[in-house]
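Structure first, commentary second.
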Number of protein chains: 2
Amino acid sequence: MSDVARQAGVSRATASYVLNRTPGARIPEQTRAKVLAAAEALRYVPHVSARSLRRGRSDLVVGHVDGTSILGDRLPFFGLVQVASEVRKAGYTFLIHGDPTVSGLAAARAWLALRPAAVVATLDRFTEESVAMLAGAGTVPVALGRRSSELTATVVLDDGELGRAAAGRLADRGRRRVAVLGSHEDRASDPVLGNRIAEALATARHRGLEARYVPMRPEVDAAARVVAEWRRGWMPDGVVGPTDRHAGLLLGALTDAGIAVPGRVAVVGMDDDPFCDLLRPRLTSVRADLTGGDTPLAGVVLAAIEGRWDPGDAVRRFPAHVVVRDSA
Amino acid sequence: MSDVARQAGVSRATASYVLNRTPGARIPEQTRAKVLAAAEALRYVPHVSARSLRRGRSDLVVGHVDGTSILGDRLPFFGLVQVASEVRKAGYTFLIHGDPTVSGLAAARAWLALRPAAVVATLDRFTEESVAMLAGAGTVPVALGRRSSELTATVVLDDGELGRAAAGRLADRGRRRVAVLGSHEDRASDPVLGNRIAEALATARHRGLEARYVPMRPEVDAAARVVAEWRRGWMPDGVVGPTDRHAGLLLGALTDAGIAVPGRVAVVGMDDDPFCDLLRPRLTSVRADLTGGDTPLAGVVLAAIEGRWDPGDAVRRFPAHVVVRDSA
DNA sequence: CTGAAAGCGCTTACAG
DNA sequence: CTGAAAGCGCTTACAG
């Protein structure tokens, strides 16, 4: 910036005022032009470290997701992409810190070294201590979770609507006995898919269907075991998979067992993964509209970052719609 | 750090020496212990902006991938995850800048504002101008690409081995007429899948098979059109998909047309995507071992970052192996 | 309207 | 071995 000021024949202060469009500083148009020309000619790029060191706050927002959650569970990821774009539009620099090995206090230290204005991470990365440490240093902790938390401002991504839509589809198709799959023995203990499962069960029962929770880890053998079990006893005529992978695995196992889909058993997945079109029969799925809902997700996160957090706004529900294919 | 020094009863310089383990500074054990205790008690976190401002260089490495390339083409992404982990182990702070909208000069400006030690991005994000600008500011540009480039140090991720393994599998199974699919009309123009396709064709021909390139965009209707075309004329008995999606779409279209797989046509995909197990017949695929090869990928990137770039080391080939399922 | 100056939190040559 | 001091690139209250 010194170079720019020198070349423009003004002081560094003036250069700073022009380059930052500082409100209240009235610089003659001619001076402005000279500074801008010099900055352009010298390819001036401001040094964010110096700026934030001086200002005492940075415009950096750090998001934290790891590779697993990117590929495994798509909602937080897509949520984050959307948030990133909005946060950038609001003038922040958004960077992703993807180290999967840190959480809690260690994560807080790593984030704080950058002195960001805010950090957006999944709820499980925060602890009471780490939140206190961040807040003490002036960094706003914003969590993305499946349920609200006392810990810190948490934007709740409630995708239970997916479960409602999936179960509703089966009811519409006249199914009577619905199995809702889930990865854990105990359905309440699934922090990621819990909402989907709970709402699918509730909706099915509300519509007068028999509904059971069926544990099935999303692995090849597990699906075959579930189907074998069903052949010996209770057999559903509709299946809800809390992810397309659950549904797809089960679809394959039903096919292997010679059970007609959707004839004897209808199957619905969730997320509308691109592979749904590759399966035979093609997998019917439900898709969340992340841009929909009352207020866009990104707006809520931005509000939290800027201290305009309104707990009443914490829960984001996304409209879901059924993508009808062959399996239900 | 002033607080730490004060609490420990030493000067800021001494605190800095202890906290940084500055080589050549011999601090009595007792003093060291006092400083460390104070830092711990005060939860001291160094301020990276101040440090890099003073040092004139930062320990920040910025990686740049966008959401599309994360989900679409997995090699660069997994490559980057691996690189990130190694780069962190070497003491750098690795952050991902995921703005899909910038490349060239605009990207260079965005990166440079952070004054990183290096930036690792896909080759298409660099231009001659942007490379010069980065180099001028002391930031090392490192590219990840499918082919070498004069532009800057480029780590070439050559996954042609996948094509060789896939075509080899079909030859081993006694196939004579092989179709190699690809997204573009002109196979040479595919910057992402080009290596896979070229090597599959070359290997098939080398083994005495008839091999044709068949354009097919990875979309539902396209696969049906390709199969319809085949029924009217030249029909392969083996198909290589440059991604599992290509292969899976075609597999579905063959099934719809009542053509037995692998009886009449064998199908092999690439990447060993988790959905391969969901398809019926299950999709045989080939998988690249990213941790294998002569030197690990991350080592090459690290060398480039630290100016130990050796162009002779530029091309990383990954061993590939066939994951046999039902379709070939 | 513009410039000289202080200071953000560090590191490091230098003097004691 | 330890401390006082300069200075990295900025911003901004203050004086002219």
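Lettering follows sequence order; numbering is per chain, from 1.
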Residue-phosphate contact under 4.0 Å: Ser16(A) side-chain N/O, dT11(D) OP1/OP2: yes
5' precedence on DNA chain D between Val10(B) and Arg54(B) (nearest-nucleotide basis): Val10(B)
Mutual orientation of the aromatic rings belonging to Trp111(B) and His64(B) [parallel < 30°, tilted 30-60°, perpendicular > 60°]: perpendicular
Watson-Crick or G-U stems of DNA chain D, 3 or more pairs, under 3.5 Å, by first number: C:1-3 with D:14-16, C:5-12 with D:5-12, C:14-16 with D:1-3
Sugar-phosphate, base or nothing in reach of Thr31(B), heavy atoms under 4.0 Å: sugar-phosphate
Sequence-distant partners of Arg32(A), side chain to side chain donor-acceptor pair (under 3.5 Å), two or more places apart: Glu29(A)
Flag if over 12 foreign heavy atoms under 6.0 Å of CD, Glu128(B): no
Tyr17(B) side chain, from C-beta outward: closest of dC1(D), dA13(D), dT12(C): dT12(C)
Value rounded to 0.5 Å, distance of CZ in Arg317(A) from CG in Leu157(A): 12.0 Å
Interface with DNA chain D, restricted to residues 32-51 of chain B and to heavy atoms under 4.0 Å: none
Nucleotide nearest Ala13(B) when distance is taken to its side chain, options dA4(D), dG9(C), dT11(D): dA4(D)
Whole-Å distance separating the CZ atom of Arg6(A) from the P atom of dC10(D): 12 Å
Side chains of Thr122(A) and Asp124(A), donor plus acceptor under 3.5 Å: yes
Phosphate contact (dG3(D) OP1 or OP2) by Thr14(B) side-chain N/O below 4.0 Å: yes
Residue Ser11(A), side-chain atoms from C-beta onward, closest of dC10(C), dG3(C), dG9(D): dG3(C)
